[in-house]
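Taking it in order: structure first as structure tokens, then the write-up.
On a predicted model such as this, the values are computed, not experimentally measured, just so you know. Positions are given from 1 along the sequence.
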Amino acid sequence: MLDIARRQNLQPVPFRSWNLANFGAFNDLFSEFDRLWGELSAPLSSQFRWAASYPVDLYETGDSVVLEMAVPGIRKEDLDISIEGNQLTIRGKYPEIPEGDERRYWVQGIPHGAFSRSVSLPASVEVDKVKAVINDGLLTLTMPKVAEARVREIAIASN
């Protein structure tokens with residue numbers, strides 16, 4: 001059964017901004033840094049934004065590591081899953097926007113194009129026994145741990 005805790009009396013934290021006008025030359029420095037950062041990260045920012053927006057749960061049971069990832073609207077044929085060492089990488093692709101399509105977006109929240117999401121696994125897994133299932137937009141990977149990584153109970157002998 002799912003327990004849901006309702007939080008009461010949550011107050012927003014007031015936003016305080018710095019008044020950088022008093023810092024003279026630092027204004028120019030901060031502006032220049034923001035401009036450079038924007039130029040350097042612009043081509044990558046949309047890919048990172050989309051990859052980060054795919055919710056992921058990664059948890060461990062006694063004998064497996066399990067990853068659940070929301071991949072709404074993606075077909076299994078459009079996913080590529082790989083494990084190298086303890087690094088799990090999931091790549092996928094949403095359909096591109098057709099060229100020549102004259103869309104004028106008011107809100108654009110649906111990703112388009114390729115994405116990649118990597119996570120470090122907390123334990124070594126048996127790659128040949130990994131099971132992947134997509135059901136209603138939820139990708140579930142069940143990855144059995146190698147024997148050395150499994151939880152074992154130790155019996156205590158008495159005298």
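Scored by the side chain to side chain contact (heavy atoms under 4.5 Å, CB included) test, Val66 finds Tyr59, Ser64, Glu68, Thr140, Thr142 as partners (sequence neighbours excluded). Shown here are the side chain to side chain contact (heavy atoms under 4.5 Å, CB included) partners of Asp78, two or more places apart in sequence or in another chain: Ile74, Arg75. Partners of Pro72 under the side chain to side chain contact (heavy atoms under 4.5 Å, CB included) rule, at least two apart in sequence or in another chain, are Ala70, Tyr94.
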Show me the donor-acceptor pairs within less than 3.5 Å that the side chains of residues 83-90 make with the rest of the protein, sequence neighbours left out.
residue	atom	partner	partner atom	Å
Gln87	OE1	Ser120	OG	3.1
Thr89	OG1	Ser118	OG	3.0

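Considering only heavy atoms from C-beta on, Thr61 comes within 4.5 Å of Asp63 through its side chain. Side-chain contact check for Val125 versus Pro144: every heavy-atom pair is 4.5 Å or farther apart.
Listed by chain and number, the hydrophobic cluster partners of Leu138 come to none, as no ILVMFWY side chain reaches under 4.5 Å of it.
Pairing each heavy atom of Pro95 with each of His112, the nearest pair is O-ND1, 3.2 Å. Between Leu79 and Gly92, the closest heavy-atom pair is CD2-CA, 3.9 Å. For the pair Gly113 and Glu96, the tightest heavy-atom approach, listed with the atom from each and the gap, is CA-OE2, 3.2 Å. Taking all atoms of both residues into account, the shortest heavy-atom contact from Arg91 to Ser82 is NH1-OG, 3.8 Å.
From Glu126, atom CD reaches atom CE of Met143 across 12.5 Å, with rounding to the nearest 0.5 Å. To the nearest 0.5 Å, the span separating NZ on Lys93 from CZ on Phe115 amounts to 12.0 Å. To the nearest 0.5 Å, the span separating CD on Glu60 from CG on Leu121 amounts to 10.0 Å.
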